Q: 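Pasting in a structure now, in structure tokens, and then I'll have a few things to ask.
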Amino acid sequence: MIEKTMETTVQLGDGVKMPLFGLGLFSSAPGDETYNAARYALEAGYKLMDTAAYYANEESLGKAVRDSGAGREKLFITTKMWPVDYSDPKAACMDSLKKLGMDYIDLYLMHWPGTDAERRKKVWNAMLELREKGYVRACGVSNFYSEMIEELISDSGVVPQNHQIELHPWIQQRKMRAYCAEKGITVTSWGPIFHGHLSEAPLMEEIGKKHGKTAAQATLRWHLQQDINLIPKSVKKQRIIENAAIFDFSLDEEDMRRIGELDGMGQAFTFDPLVYDGEGRPPRMDPKQKGLL
Ligand SMILES: NC(=O)c1ccc[n+]([C@@H]2O[C@H](COP(=O)([O-])OP(=O)(O)OC[C@H]3O[C@@H](n4cnc5c(N)ncnc54)[C@H](OP(=O)(O)O)[C@@H]3O)[C@@H](O)[C@H]2O)c1
């Protein structure tokens with residue numbers, strides 16, 4: 001189990017390989033904060049960067065990649081389209097490419113399903129066209145219910161290559177992971193270290209200490225041992241380095257069992273895709289009520 005490295009990839013089908021581990025950039029401010037975070041991560045050997053049009057930091061990431069000399073082709077860039085742009089997906093993609101200063105995106109995600117099923121299908125088909133034309137190497141979705149993914153598959157005949165969902169020990173997404181495994185859809189966890197609430201899960205610190213590691217490292221290792229793609233966010237150099245130091249130890253069965261018991265025992269931070277259309281900030285959803293657990 002300790003053989004994984006920062007270079008380890010998962011197959012997205014069609015020969016596209018996605019690094020298992022990368023840097024998340026949500027709430028990383030455009031400008032110096034994102035630029036520096038990306039530079040620290042590239043120096044530390046990160047190969048995957050996860051941004052979005054919604055984060056407004058694609059330009060800073062692109063500049064960091066160019067200035068680092070890391071080599072675009074050696075990196076994997078994920079970005080996402082937000083519902084305000086669903087009326088013209090091609091323009092949204094071109095805008096992201098322009099901001100990134102890149103000529104292709106490795107993984108392009110429909111960031112939020114929105115409440116209109118017909119619109120989702122149109123956007124998905126447009127994304128597949130972008131893939132066809134070489135602007136995008138792989139297409140996926142984020143924050144979808146399985147029924148919403150089924151609709152896309154029956155309409156287009158094409159299975160999304162990745163599903164990015166809130167996933168951490170408090171919301172382990174067993175049903176969604178089983179569904180994705182059955183369909184051959186890889187899964188990425190967002191909020192992998194409790195979306196900023198790590199200190200409220202004392203078990204992670206206890207398990208970390210047992211292995212001479214931090215609470216963040218124990219949590220990230222839990223994802224890694226289940227082959228779930230993980231994109232922890234930090235803008236701090238020391239934490240960016242710390243979060244990547246998870247390839248030299250293993251959690252044992254007892255650790256995995258105890259963390260497994262945290263499912264449903266804390267908060268979830270996502271919204272309900274059946275009521276939220278991507279504008280403003282609605283109340284948080286109850287994951288138990290929505291059958292996510
Ligand atoms: N698809 C979606 O809808 C969606 C939604 C949310 C997030 N995401 C993606 O997933 C990525 C990760 O999720 P997230 O940013 O929500 O949450 P996260 O990675 O679980 O947690 C980030 C928080 O933890 C802190 N942190 C980082 N490393 C730490 C460490 N070693 N010890 C203690 N605290 C630490 C960060 O603060 P500092 O920065 O101050 O270190 C930040 O407050 C995002 O950045 C984004 O790329 C996607």
Side-chain angles (χ1 to χ4, degrees), residues 18-19 21-30 32-34 36-38 40-41 44 46 48-58 60-61 76-83 106-114 140-145 148 160 162-173 176 186-202 204-205 208-209 213-224 228-246 266-273 276 278 281-282 284-285 292:
M18 177 178 181
F21 177 84
L23 179 73
L25 288 165
F26 169 63
S27 75
S28 179
D32 287 351
E33 188 166 82
T34 293
N36 290 332
Y40 300 147
Y46 285 54
L48 159 65
M49 304 278 147
D50 183 276
T51 182
Y54 183 76
Y55 307 163
N57 56 24
E58 289 167 313
S60 317
L61 170 62
F76 190 100
I77 307 295
T78 300
T79 193
K80 319 182 189 84
M81 194 192 314
W82 192 249
D106 292 286
L107 174 62
Y108 202 27
L109 302 178
M110 208 189 299
H111 199 156
W112 187 258
V141 296
S142 181
N143 303 300
F144 274 49
Y145 285 130
M148 295 169 168
N162 184 261
H163 191 195
Q164 187 173 123
I165 45 176
E166 181 181 3
L167 201 168
H168 47 74
W170 287 337
I171 175 166
Q172 300 187 14
Q173 299 271 16
M176 180 52 78
T186 59
V187 169
T188 300
S189 349
W190 70 250
I193 36 178
F194 299 86
H195 193 59
H197 293 251
L198 180 62
S199 61
E200 294 161 41
M204 304 318 301
E205 193 175 348
K209 270 194 187 138
K213 292 284 179 178
T214 65
Q217 290 167 329
T219 312
L220 294 169
R221 183 71 205 182
W222 174 81
H223 293 266
L224 195 67
I228 305 166
N229 284 69
L230 59 157
I231 43 168
K233 174 259 173 185
S234 180
V235 294
K236 300 187 171 72
K237 185 174 188 178
Q238 278 320 311
R239 284 182 174 176
I240 288 170
I241 294 167
E242 172 190 331
N243 293 346
I246 56 170
Q267 296 183 68
F269 303 97
T270 193
F271 308 125
D272 185 346
Y276 177 51
R281 289 181 78 79
R284 304 269 179 213
M285 65 183 282
L292 283 177

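In listed order, ligands and their atoms are each counted from 1. Keep in mind that what you see is a predicted model, and the values were worked out from it rather than measured.
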Q: Pick one of side chain, backbone, both or neither for how Thr214 approaches ligand 1, counting any non-hydrogen atom pair under 4.0 Å.
A: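 Under 4.0 Å from ligand 1, Thr214 contributes no heavy atoms.
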
Q: If hydrogens are left out, which of Trp190, Tyr54, Phe26 has an atom nearest to atom 2 (C) of ligand 1, that is, the closest non-hydrogen atom?
A: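 Among Trp190, Tyr54, Phe26, the closest heavy atom to atom 2 (C) of ligand 1 belongs to Trp190.
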
Q: Just let me know how Ala216 lines up against ligand 1, side chain, backbone, both or neither, with a heavy-atom cut-off below 4.0 Å.
A: side chain

Q: Over 60° means perpendicular and under 30° means parallel, so tell me whether Phe144 and His163 are parallel, tilted or perpendicular.
A: perpendicular

Q: Among all protein non-hydrogen atoms, which one is nearest to atom 41 (O) of ligand 1, and what is the separation to 0.1 Å?
A: Ser234 OG, 2.6 Å

Q: Within a strict 4.5 Å, meaning less than it, do heavy atoms of the Leu230 and Ile246 side chains meet?
A: yes

Q: Indicate yes or no: does an N/O atom of His195 lie under 3.5 Å from an N/O atom of ligand 1?
A: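 Looking only at distances, the answer is yes, because the N/O contact criterion of under 3.5 Å is met.
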
Q: For atom 13 (O) of ligand 1, grab the closest protein heavy atom and report residue, atom and distance to one decimal in Å.
A: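 Going by distance alone, atom 13 (O) of ligand 1 is nearest to Gly191 N, 2.9 Å.
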
Q: I want to know if ligand 1 touches Leu198 in the polar sense, i.e. an N/O pair below 3.5 angstrom.
A: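 No: no nitrogen or oxygen of Leu198 is under 3.5 Å from one in ligand 1.
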
Q: To check you understand the geometry: which heavy-atom pair defines the closest contact between Pro169 and Pro192, and what is its length?
A: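 Heavy-atom minimum between the residues: CD-O, 4.4 Å.
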
Q: Among Lys233, His163, Lys236, which one has a heavy atom closest to atom 39 (O) of ligand 1?
A: Lys233

Q: If the cut-off is 4.0 Å to any non-hydrogen atom of His111, which atoms of ligand 1 fall inside it?
A: 1 (N), 2 (C), 3 (O)

Q: Write out the residue and atom name of the closest protein heavy atom to atom 20 (O) of ligand 1, then the distance separating them to 0.1 Å.
A: Ile193 N, 2.8 Å

Q: Looking only at non-hydrogen atoms, find the nearest pair between Glu33 and Ala29 and report the distance.
A: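 Glu33 and Ala29 have their closest heavy atoms at OE1-N, 2.8 Å.
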
Q: Is the ring pair His111/Tyr54 parallel, tilted or perpendicular, if the boundaries are 30 and 60 degrees?
A: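 Because their plane-to-plane angle is over 60°, the rings of His111 and Tyr54 count as perpendicular.
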
Q: Number the atoms of ligand 1 from 1 as they appear, then name those within less than 4.0 Å of a heavy atom of Phe194, with their elements.
A: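 Every atom of ligand 1 under 4.0 Å from some heavy atom of Phe194: 20 (O).
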
Q: Taking salt bridge (Lys or Arg N to Asp or Glu O under 4.0 Å) as the definition, give me every residue that meets it alongside Glu205, ordered by chain and number, with sequence neighbours left out.
A: Lys209

Q: Provide, to 0.1 Å, the distance between atom 48 (C) of ligand 1 and the closest protein heavy atom, together with that atom's residue and name.
A: Gln164 OE1, 2.9 Å

Q: May I ask you to list the atoms of ligand 1 that are less than 4.0 angstrom from any heavy atom of Asn243?
A: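 Answer, ordered by atom number: 27 (C), 28 (N), 30 (C), 31 (N).
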
Q: Which class fits the ring pair Trp82 and Trp112: parallel under 30°, tilted 30 to 60°, perpendicular over 60°?
A: tilted

Q: So, does Glu166 use its side chain to make a donor-acceptor pair with the main chain of Phe269 at under 3.5 Å?
A: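 Yes: the side chain of Glu166 pairs with the backbone of Phe269.
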
Q: Please give me the minimum heavy-atom distance between Glu242 and Gln217, naming the atom from each residue.
A: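 Closest pair (atom of Glu242, atom of Gln217, distance): O-NE2, 2.9 Å.
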
Q: Looking only at protein heavy atoms, which one is nearest to atom 11 (C) of ligand 1, and how far off is it?
A: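 Closest protein heavy atom to atom 11 (C) of ligand 1: Ile231 O, 3.2 Å.
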
Q: So which protein heavy atom does atom 1 (N) of ligand 1 come closest to, and at what separation?
A: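 Residue, atom and distance for the closest contact: Ser142 OG, 2.8 Å.
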
Q: With side-chain contact (heavy atoms from CB on, under 4.5 Å) as the test, pick out the partner of Ile77 among Leu48, Leu107, Asp50, Asp106.
A: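 Exactly one candidate clears the test, Asp106.
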
Q: Kindly assign one of parallel, tilted or perpendicular to the pair Phe21 and Tyr46, based on the angle between their ring planes and the thresholds 30° and 60°.
A: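 Phe21 vs Tyr46 ring planes: tilted.
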
Q: Run the numbers for me: atoms of ligand 1, each under 4.0 Å from some heavy atom of Asn143, listed by number.
A: 1 (N), 2 (C), 3 (O)

Q: Among all protein heavy atoms, pick out the one at the shortest distance from atom 37 (O) of ligand 1; state its residue, atom name and that distance to 0.1 Å.
A: Arg239 NH1, 3.3 Å

Q: Only counting residues at least two apart or in another chain, list the ones meeting salt bridge (Lys or Arg N to Asp or Glu O under 4.0 Å) with Lys213.
A: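 Here the qualifying residues are Asp248.
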
Q: Tell me: protein heavy atom nearest atom 47 (O) of ligand 1, and distance?
A: Asp50 OD1, 2.7 Å

Q: Short list, please: which atoms of ligand 1 are under 4.0 Å from a heavy atom of Pro232?
A: 19 (O)

Q: With the threshold set at under 4.0 angstrom, would you say Tyr55 reaches ligand 1 through any of its heavy atoms?
A: yes

Q: Tell me if the aromatic rings of His195 and Trp190 count as close, with their centers under 6.0 Å from one another.
A: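 They qualify: ring centres under 6.0 Å apart.
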
Q: With atoms numbered from 1 as shown, which atoms in ligand 1 lie under 4.0 angstrom from a non-hydrogen atom of Gly24?
A: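 Taking each heavy atom of Gly24 in turn, ligand 1 has 11 (C), 44 (C), 45 (O), 47 (O) under 4.0 Å.
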
